[in-house]
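To keep things clear, I will list the structure first and then write my remarks on it.
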Amino acid sequence: MSQIMWHQLNKEELLETLNSSETSGLSLETVNERLAEHGWNELAETKKLSPLTLFLNQFKDFMVIVLMGATLISGLLGEYLDAITILAILVINAVLGFIQEFRAERSLLALKELSAPTAKVLRDGKQHTVTAKELVIGDIVLIESGDRVPADIRFLEANNCYVEESALTGESIPVSKHQSVLHEQELPLGDQRNIGFMGTLVTRGTAKGVVIRTGMATEMGNIANLIQATEEMQTPLQHRLEQLGKILIAVAIALTIMVIVAGIMHGQPAYGMFLAGVSLAVAAIPEGLPAIVTVALALGVQRMIKRKAIVRKLPSVETLGCASVICSDKTGTLTQNKMTVTTMWLSDRTLNVTGEGYEPVGKVLENSREIDIRHDNSIKRLLQISALCNNAKLEKQETVHRKGKVMVGQDEWVLNGDPTEGALAVLATKLGSPAKLLEAQYRRIKEFPFDSERKLMSVVLEHQGGQLIGVKGAPDVLLEQCSHILWQGKVLSMTPALKAKCQSANEKMAQSALRVLAVAYRDLSVSERCDLPAEAERNLIFVGLTGMIDPPRAEVKDAIATCRAAGIKTVMITGDHQLTAEAIAASLGIIPRGGETMSGKQLDQLSDDELDNRVENVYVYARVSPEHKLRIVRSLQRKGHVVAMTGDGVNDAPAIKAADIGIAMGINGTDVSKEASALILSDDNFSTIVAAIEEGRGIYENIRKFIRYLLASNVGEILVMFLAMMAGLPLPLVPIQILWVNLVTDGLPAMALGVDQAENDLMKHKPRKAKENIFARRLGWKIISRGVSIGVCTLAAFWLTLLEGDLVKAQTVAFATLVMAQLIHVFDCRSSRSIFHRNMLQNKYLVLAVVSSLVLMLGVMYIEPLQPIFNTVAIGLREWCLVLVAAALPTVFFGIGSVMSGGKSKSKKKWSSATNAA
Ligand SMILES: Nc1ncnc2c1ncn2[C@@H]1O[C@H](COP(=O)(O)OP(=O)(O)OP(=O)(O)O)[C@@H](O)[C@H]1O
Ligand SMILES: [Ca+2]
């Protein structure tokens with residue numbers, strides 16, 4: 001098929017060649033056949049790391065290689081048992097590391113799938129949304145501004161449609177597309193105006209097209225290998241940890257060398273010292289840290305997905321925890337986006353409409369009495385334009401519900417399209433003027449699609465008597481274009497008095513939280529040119545207003561209160577009317593006493609400096625256009641805020657990109673906004689942002705928990721050996737014991753900390769500063785103090801037992817003390833205050849991890865055949881008392897210390913209550 005000159009075919013030839021139908025699309029059967037034949041509509045991926053490579057990578061670590069070399073030598077020297085055990089431990093270590101990294105990799109991959117682009121397609125006569133991957137040749141697709149063209153398509157219909165093709169042609173100015181036949185033989189891509197190319201961006205308008213090429217056969221597929229850029233997935237924290245890791249390695253190696261030298265000087269055999277030293281280095285270097293961080297991030301991301309937040313860029317998980325302002329759209333994010341028209345205003349009459357949801361059943365009331373509207377021409381005109389200047393489709397669909405144990409089919413009205421337009425479609429159908437009926441007399445010949453800059457939409461309709469323009473949109477904008485008004489059935493000139501009436505009716509409706517749309521029209525002489533919205537939308541005849549409710553989402557009010565307690569400010573940014581916005585903001589508790597609201601017009605009059613001075617006290621921005629959002633983000637950032645910003649349209653992308661955390665809408669968002677975003681809300685819901693922030697904070701704290709645990713453990717491990725060598729004592733731990741301690745303490749317990757529950761005050765303190773050091777808030781002190789005391793206590797237990805003269809017994813005691821001390825200390829790490837502030841059994845994984853580590857430790861102490869391998873003896877009650885006291889001392893001592901000095905007041909100082917900050 002690739003030889004076909006698609007741009008030269010007319011519609012009939014096109015659909016015949018592709019065996020498709022413009023009105024009903026392909027059948028699902030055909031789709032499956034074609035999928036089987038041509039494969040998925042996707043570009044080939046670059047290669048991934050194979051699991052085997054990932055596993056072998058675990059052994060690439062320098063110290064591990066040294067240790068394996070050393071083991072090999074000891075094997076050659078006849079120490080088979082030692083060599084085999086060390087190797088076994090290294091393999092287990094590698095398996096753990098592999099599992100961690102493999103999981104991390106997998107979850108990152110899953111993330112990509114989740115944010116895969118979708119496409120609207122006509123199949124079996126119905127409109128479906130599918131992932132773009134599922135498209136086949138012949139599919140009829142619908143695209144609108146903000147979409148990426150999902151495959152190579154030939155246009156069948158294009159309304160004011162502009163596409164930006166710079167990825168293919170280098171030309172960054174969008175080109176207009178049309179559906180007419182092009183006759184030239186060879187045409188460069190940029191001139192194929194009736195073809196849309198996969199991956200290019202629709203910047204304006206709407207269109208319908210038929211898929212002519214998919215996957216690697218597309219023009220984008222031709223150059224796919226050139227554009228597969230790898231995205232930076234490392235977070236700032238991971239980056240800093242990598243650096244920290246290098247320092248730690250250097251320190252560990254330096255200390256190890258000192259241990260070895262001191263040991264040899266005090267008469268230890270050189271080879272044994274070398275093996276002990278290298279084992280110590282392997283144990284003390286937190287090589288698992290990056291992997292655990294990735295796992296903690298990835299698992300956190302999974303939890304976020306369960307809470308409907310899809311993270312597209314891993315670094316934003318960290319940034320989320322620092323967010324200090326959330327700028328949110330109103331419609332659909334703070335509100336339900338389920339619109340219902342409740343009020344109409346025309347010719348100075350206010351009419352109420354009954355009925356709920358999308359079911360088109362309801363009555364018209366005036367002063368609470370039902371009225372007959374059948375002969376009212378003004379109302380008919382209002383309904384007519386509302387129905388025809390409208391792209392929403394109201395359909396009856398059978399949906400299956402569960403009632404107890406049986407599944408019941410039920411007819412339900414569903415809406416395909418924009419809810420604002422849906423509400424108008426419902427209104428028209430309710431009151432006897434459904435679009436289906438009207439379309440027989442009025443044929444749409446042109447559309448100027450709605451955009452959020454113009455805040456209007458209009459259509460040109462052809463009927464028996466001629467042509468007609470119907471317009472709907474924001475009343476304040478539309479009124480400016482009306483020279484006449486339909487008043488009690490007659491067309492009058494618009495006077496200032498009449499205009500004032502319209503305005504005050506609009507304001508009155510807006511004040512009661514209604515979203516208000518105005519409707520206007522005019523006749524069009526056939527000779528009149530109207531190619532641009534500005535040419536069509538002028539000299540109009542005003543008809544009336546419709547007001548629709550859009551109830552706030554139930555859970556949002558609490559979410560906003562949570563934010564306030566967490567020191568995060570919520571700002572509403574909306575294209576809607578100021579009074580509507582204020583009414584809704586008030587009901588959600590967004591505006592505190594003294595808080596301001598600002599309109600887009602007012603914003604335009606402020607310089608950047610003036611805006612900076614006021615920005616922190618503005619809680620609602622109304623009647624703004626997308627480009628205002630960028631100014632707001634920048635201004636807040638200049639004030640030192642970490643800004644989360646939502647958006648859904650094409651024009652929102654710059655603001656989303658500029659924000660510290662750009663947030664797109666999963667349901668109503670455009671492809672462009674999603675691509676620009678760091679986070680996608682799969683339910684478009686504001687409270688999901690708050691949930692994500694909470695997870696973000698929790699993940700960061702968990703990372704701090706296990707960094708604290710791992711580093712304190714390592715300080716303890718190194719110190720025991722170091723002090724013993726300095727003091728001229730024998731080795732407190734033999735190499736295998738060191739490796740074993742490392743394995744049982746660093747592995748599972750550290751991972752379990754990574755999925756620990758958050759502390760209760762997580763959302764009760766201010767966000768942390770973006771530049772905060774990982775060791776801030778006394779973490780460094782905690783690592784050193786706990787590490788040193790674990791080392792000292794272990795050494796004391798060793799020395800006390802050694803006084804009896806049995807080295808193996810003393811080494812067993814040291815081994816048990818070190819393991820026990822770490823297993824107790826791990827619980828301390830769960831709290832920023834002390835071990836006594838949290839329920840020890842809350843984290844089931846941790847309890848399980850600690851119990852298995854205990855069993856592993858007891859195993860090598862009490863299973864007789866293992867004793868010679870691990871250099872242990874069975875110790876008795878007296879030794880156990882010593883072990884437990886020495887192991888508990890570091891944690892209990894600091895725990896009591898923190899309780900005595902009032903751990904609460906300390907934490908309060910650090911986290912000064914944030915309530916007054918918001
Ligand atoms: N489909 C439409 N056709 C005509 N006018 C519309 C349409 N949708 C919205 N409007 C008008 O344009 C105004 C701005 O709408 P826009 O979609 O930009 O913002 P919004 O959805 O109200 O707010 P948010 O930015 O919170 O999503 C609305 O108040 C309404 O008067
Ligand atoms: Ca360790």
Side-chain angles (χ1 to χ4, degrees), residues 144-146 206 326-339 341 385-393 415 417-425 447-459 470-481 506-507 509-510 513-520 533 537 540 545-550 552-553 556 570-585 588 590 599-600 620-629 632 645-652 655-656 663-665 667-670 673 681 684-686:
E144 59 184 335
S145 80
T206 56
I326 308 174
C327 296
S328 172
D329 279 342
K330 169 178 73 69
T331 311
T333 311
L334 296 168
T335 67
Q336 299 177 6
N337 212 1
K338 291 210 181 92
M339 314 248 183
V341 176
I385 308 292
S386 298
L388 292 173
C389 182
N390 196 321
N391 290 319
K393 295 255 173 313
L415 170 75
D418 173 25
T420 302
E421 300 194 340
L424 293 173
E447 173 191 349
F448 297 106
F450 172 74
D451 77 54
S452 44
E453 311 272 345
R454 234 167 77 242
K455 298 186 167 49
L456 300 175
M457 163 182 176
S458 47
V459 290
V471 190
K472 73 176 196 308
D476 30 337
V477 180
L478 193 56
L479 261 176
E480 296 307 313
Q481 306 306 331
N506 174 33
E507 280 165 22
M509 282 158 83
L514 294 178
R515 177 182 179 83
V516 192
L517 259 76
V519 168
E537 294 157 354
L540 298 167
L545 302 171
T546 54
M548 47 194 88
I549 49 162
D550 178 15
R553 289 176 181 266
V556 165
T570 309
V571 176
M572 175 195 278
I573 301 186
T574 178
D576 221 335
H577 195 277
Q578 186 153 358
L579 295 171
T580 312
E582 279 175 7
I584 293 177
L588 288 171
I590 288 181
S599 71
V620 174
Y621 294 89
R623 276 284 188 262
V624 290
S625 316
E627 78 265 24
H628 289 128
K629 288 186 170 181
I632 299 170
M645 165 74 83
T646 71
D648 46 15
V650 210
N651 307 332
D652 289 337
I656 293 180
I663 305 173
M665 302 298 145
I667 306 172
N668 282 322
T670 51
S673 64
L681 310 177
D684 293 10
N685 190 338
F686 176 83

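Worth saying up front: this structure is predicted, and the values here are computed from it rather than measured. Just so you know, ligand 1 is whichever comes first in the structure, and atom 1 is the first atom listed for that ligand.
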Taking atom types as modelled, find out whether Glu447 and Asn391 have a side-chain donor-acceptor pair closer than 3.5 angstrom.
yes

Among the heavy atoms of Arg623, does any lie under 4.0 Å from an atom of ligand 1?
yes

Crowded around Lys455 NZ? As in, over 12 foreign heavy atoms under 6.0 Å?
yes

Restricting to heavy atoms, the pick from Met548, Met339, Arg515 nearest atom 9 (C) of ligand 1 would be Arg515

In residues 326-333, what donor-acceptor pairs under 3.5 Å come from side-chain atoms, sequence neighbours left out?
unit_1: Asp329; atom_1: OD1; unit_2: Lys629; atom_2: NZ; d: 2.8
unit_1: Lys330; atom_1: NZ; unit_2: Asp576; atom_2: OD2; d: 2.9
unit_1: Thr331; atom_1: OG1; unit_2: Arg515; atom_2: NH1; d: 3.4

Is there at least one pair of N or O atoms, one from Glu421 and one from ligand 1, spaced under 3.5 Å apart?
yes

Ligand 1 atoms nearer than 4.0 angstrom to some heavy atom of Gly473 are 4 (C), 5 (N)

Give the numbers and elements of all ligand 1 atoms closer than 4.0 Å to a heavy atom of Val516.
31 (O)

Where ligand 1 meets Asp329 - atom numbers and elements under 4.0 angstrom, heavy-atom basis
25 (O), 26 (O)

Interatomic spacing from CZ in Phe686 to CD1 in Ile663 - rounded to 0.5 Å
8.5 Å

Just need the protein heavy atom nearest to atom 27 (O) of ligand 1, so name the residue and atom and give the distance.
Thr331 CB, 3.6 Å

Return yes when Asn390 approaches ligand 1 closer than 4.0 angstrom through a heavy atom, no otherwise.
no

Nearest-0.5 Å distance that lies between atom CG in Asn685 and atom OG1 in Thr335:
10.0 Å

To the nearest 0.5 angstrom, please state how far the NZ atom of Lys472 sits from the OG1 atom of Thr546.
9.5 Å

Nearest neighbour in protein (non-hydrogen) for atom 29 (O) of ligand 1:
Asp576 OD1, 2.9 Å

Does Lys330 reach ligand 1 with a nitrogen or oxygen that is under 3.5 Å from one of the ligand's nitrogen or oxygen atoms?
yes

Would you find a donor on one side and an acceptor on the other, under 3.5 Å apart, between the side chain of Asp550 and the backbone of Met339?
no

Atom 31 (O) of ligand 1: closest protein heavy atom, distance to 0.1 Å, is Ala474 CA, 3.3 Å

Judging by distance only, is a nitrogen or oxygen of His577 under 3.5 angstrom from one on ligand 1?
no

Among all protein heavy atoms, pick out the one at the shortest distance from atom 3 (N) of ligand 1; state its residue, atom name and that distance to 0.1 Å.
Lys472 NZ, 3.1 Å

If you measure every N/O of Thr574 against every N/O of ligand 1, is any gap under 3.5 Å?
yes

Check whether any N or O atom of Gly575, backbone or side chain, sits under 3.5 Å from an N or O atom of ligand 1, and answer yes or no.
yes

Do Leu415 and Lys338 pass the side chain to side chain contact (heavy atoms under 4.5 Å, CB included) test, and can you show the C-alpha distance, the side-chain angles, and the key distance before you say yes or no?
CA-CA 10 Å; Leu415 170 75; Lys338 291 210 181 92; over 6 Å; no

Determine whether any heavy atom of Thr580 lies closer than 4.0 Å to an atom of ligand 1.
no

Please name the pair of heavy atoms, one in Ala392 and one in Asp418, separated by the smallest distance, quoted to 0.1 Å.
CB-O, 4.1 Å

Show the atoms of ligand 1 that are less than 4.0 angstrom away from any heavy atom in Ile573.
25 (O), 26 (O)

Residue, atom and distance of the protein heavy atom nearest atom 18 (O) of ligand 1 read Ser452 CB, 3.2 Å

Do you know the tightest heavy-atom contact between Asp652 and Pro626?
OD1-CB, 3.4 Å

Has Arg553 got a side-chain atom pairing as donor or acceptor with Gln336's backbone, closer than 3.5 angstrom?
no

Minimum heavy-atom distance between Ser452 and Asn651, given as atom pair plus value
OG-ND2, 4.4 Å

Asp418 heavy atoms, cut-off 4.0 Å: which ligand 1 atoms fall inside?
1 (N)

heavy-atom search around atom 6 (C) of ligand 1 in the protein gives Phe450 CE1, 3.1 Å

Rounded to the nearest 0.5 Å, how far does CZ of Arg623 lie from CG of Asp476?
4.0 Å

Starting from atom 30 (C) of ligand 1, find the nearest protein heavy-atom neighbour and note its residue, name and distance.
Leu517 CD1, 3.6 Å

